[in-house]
Structures are given as structure tokens and as C-alpha cells.
Amino acid sequence: MDKTADVAAEPVPVRRPSKKAQQASQTRERILDVAEDLFGRHGYYGVTIREVATATGVDTALLYYYFKNKQDLFDAVFLRRAEVVNRERLDAMAAYERDHAGALTPEGVIAAFLDPVLERTAKGGAGWRSYFAIVAQANSTPVWGSAVMARYFDPVIQRLIELMQKALPQARREDLYWAYHNLSGSLTLTLAATGRLDTLSGGACSSSDIPALRPRMIAYAAAGFRAVCVA
């Protein structure tokens, strides 16, 4: 009888996290949720470690146990959702390129780039809205925002530029970046959710109306890419 085969066939026991480890993970996530909300409403400089600890209902020392300082906490907040939305955007752009090989359009490239963000904004709940408010702040803050955006979002943006170059092969590289710069400004204002559009339009438009915003932003940005890059 082959005892080796019997041993190999035995199921490997699945180790479940201990109750203590589960509680620690839940506490860490709760801290991140609270910090995300506070950073989204008050910005990086408007929030202290003590305020996050108080709002979470934990001792400040515990917060320092999980995160060595405020920058470390902010980075953890930023990274948590960046990994998710970046993967979704890269997947969407890859799918678009695969399904429309040789027939890419600025509208299609921009839609693939924007849709995961707009979908999360519309349906992701308060956490995602707070997160995108933080992204909007980072994208318009030169002191610390530029480094944060470069660290987490440059690969996605470079992928957009790569696909747009295929959609507009005659475009100069610098023109593609200028056109993206203007698209980024439009998206930043949308993610900031200031309500300015609502006020300006006297209530005729709502800055939170993603179904109304989406086709207009895509059409506006695509026309801009063509005007800047094909002129």
C-alpha cells in the first residue's frame, strides 16, 4: 500500500484568523473609515491624530500602534481605495482596447478611464464620496498633493495617454498631456462635490447627477482632445 499517496491526499487544514486578529483588523478598518471621513471634510491639515482617535472611540496610543504618524494614516486611507479603483480602471481600459482593437476613439478611451470612478461616486456610498473628495484635494494641492497623485495614479494616467495616442495617432505627446490636464481639472471639480454647479444653475443642474454628467463630460473631453491634438 502506498502510504505516501494517502498522506498527500489528506486535506490541508484551513487556518482561520484568531478572534484577536479579527478584532484588530476591524479596529484598523474603523480607524480608516473615520479618518477618511474627516480628511474628506477637513483636508489633510485640518485633521489631527487625536481627533481621529476621539471620533473612532479609541485611545490615541492605539492609533499610533496601527499608524506611526498622521502621514502614515493618510497614506493608508489613500492606498486602500486607490488599489481598488486603479485596478478597475486598468481593467476597463484593457477591455476597451481588446474589444475595439484598431478602432479606438477618444470617447471610448475616456469612458473606460472615467466610468469606474463615476460608478463608485454614484453608487459606492459615503466612504467612496469621502475618498474622492480627498483625491480632489490632493489633485489641486501642490505642497503634498502632487507627490501623492504621482505615487498612486500615474500608471493609470499613463495608460490613458497610451490609448489616446492610438486613438489619435497624429497627436503630439505634449498635446495629449495638455488635454489630459484639462480633463483632470473637470474630474477634480466633480469629485470635490462643491455644489457650485447647483448654485450657478439655480437648481437646474445637480453636480451629484452622475447619469447627466457622464455623457456631457465624455463629449466635452473628447472634443477637447481632438481640438488640442489634431489642430
Side-chain angles (χ1 to χ4, degrees), residues 36-47 74 77-78 80-82 84-86 88-90 92-93 106-161 163-164 174-229:
E36 182 177 65
D37 175 66
L38 291 174
F39 283 133
R41 287 191 285 121
H42 304 297
Y44 178 81
Y45 292 113
V47 178
F74 181 83
V77 168
F78 214 96
R80 181 173 61 157
R81 297 191 195 271
V84 175
V85 74
N86 283 349
E88 291 176 347
R89 294 168 98 182
L90 290 171
M93 286 189 283
E107 288 83 359
V109 173
I110 292 166
F113 176 76
L114 290 179
D115 279 348
V117 173
L118 298 181
E119 182 77 8
R120 291 287 186 178
T121 301
K123 301 178 181 178
W128 276 99
R129 288 192 293 273
S130 292
Y131 176 72
F132 286 134
I134 297 170
V135 173
Q137 294 169 29
N139 204 30
S140 57
T141 304
V143 177
W144 53 268
S146 178
V148 170
M149 293 301 292
R151 188 183 317 147
Y152 295 113
F153 289 108
D154 274 10
V156 176
I157 296 166
Q158 296 293 359
R159 180 64 170 141
L160 167 71
I161 297 297
L163 290 186
M164 196 62 77
E174 59 266 37
D175 288 335
L176 290 171
Y177 284 109
W178 277 116
Y180 167 74
H181 178 73
N182 294 318
L183 168 59
S184 177
S186 298
L187 182 57
T188 295
L189 187 59
T190 294
L191 298 182
T194 63
R196 179 70 174 138
L197 174 65
D198 311 51
T199 302
L200 280 172
S201 67
C205 305
S206 171
S207 54
S208 62
D209 187 352
I210 300 302
L213 176 145
R214 179 186 179 275
R216 291 172 170 86
M217 182 176 286
I218 291 171
Y220 178 84
F225 268 92
R226 287 193 176 92
V228 170
C229 299

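Each residue takes its place number in the sequence, starting with 1.
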Audit row: Leu191, Val117, side chain to side chain contact (heavy atoms under 4.5 Å, CB included) steps and yes/no
CA-CA 9 Å; Leu191 298 182; Val117 173; 3.8 Å; yes
Between Phe74 and Phe78, how do the two ring planes meet: parallel, tilted or perpendicular, split at 30° and 60°?
tilted
Sidechain N-carboxylate O distance under 4.0 Å for Arg81, Glu88:
no
Counting heavy atoms not belonging to Arg216, are there more than 12 under 6.0 Å from its CZ?
no
pair Tyr44-Ile134: side-chain heavy atoms closer than 4.5 Å
no
Measuring from Tyr152:OH to Met149:CE, what's the distance to the nearest 0.5 Å?
11.5 Å
Rounded to the nearest 0.5 Å, how far apart are OH of Tyr180 and CD1 of Ile157?
3.0 Å
Would Arg89 and Phe153 count as a side chain to side chain contact (heavy atoms under 4.5 Å, CB included) if you check the C-alpha gap in whole Å, the side-chain angles of each, and the deciding distance to 0.1 Å?
CA-CA 10 Å; Arg89 294 168 98 182; Phe153 289 108; 4.0 Å; yes
Nearest non-hydrogen partners of Ala133 and Gly40, listed with the distance:
CB-O, 3.8 Å
Mind telling me whether Trp178 and His181 have parallel, tilted or perpendicular rings, with 30° and 60° as the class edges?
perpendicular
Which distance, rounded to the nearest 0.5 Å, do you find between the CG of Leu189 and the CG of Leu197?
8.5 Å
Rounded distance [0.5 Å steps], CZ in Phe39 versus OH in Tyr131
13.0 Å
Please test Glu107 against Arg226 for salt bridge (Lys or Arg N to Asp or Glu O under 4.0 Å), starting from the C-alpha separation and ending with a verdict.
CA-CA 10 Å; Glu107 288 83 359; Arg226 287 193 176 92; 2.7 Å; yes
Please report the closest heavy-atom contact between Ala136 and Ala192, naming both atoms and the distance.
CB-N, 3.7 Å
Would you say that more than 12 heavy atoms from the other residues, nucleotides or ligands in this model lie under 6.0 Å from the CZ of Arg196, or not?
no
If we ignore hydrogens and angles and just use 3.5 Å, is the side chain of Asn139 paired with the main-chain N or O of Val135 as donor and acceptor?
no
Looking only at heavy atoms, what is the nearest atom pair of Leu176 and Met164, with distance?
CD2-CG, 3.6 Å
Could you measure the distance from the CE atom of Met217 to the CG atom of Leu114? Nearest 0.5 Å is fine.
6.5 Å
Side chain to side chain, Thr190 and Phe132, heavy atoms closer than 4.5 Å
no
Does any non-hydrogen side-chain atom of Trp128 lie less than 4.5 Å from one of Val85?
yes
Quick check on Tyr220: does its OH atom have over 12 non-hydrogen neighbours (other residues, nucleotides or ligands) under 6.0 Å away?
no
What is the distance from atom CG of Asp198 to atom OG of Ser208, rounded to the nearest 0.5 Å?
6.5 Å
Closest non-hydrogen atom pair, Leu213 against Ser207:
CD1-O, 4.4 Å
Correct closest heavy-atom pair for Leu90 and Pro155 would be CD2-O, 4.5 Å
Would you mind reporting whether Ile110 and Phe225 have side-chain heavy atoms less than 4.5 Å apart?
yes
Apply side chain to side chain contact (heavy atoms under 4.5 Å, CB included) to the pair Lys123 and Ile210, showing each step before the final yes or no.
CA-CA 10 Å; Lys123 301 178 181 178; Ile210 300 302; over 6 Å; no
Report yes if the side chains of Arg214 and Asp115 come closer than 4.5 Å at any heavy-atom pair, otherwise no.
yes
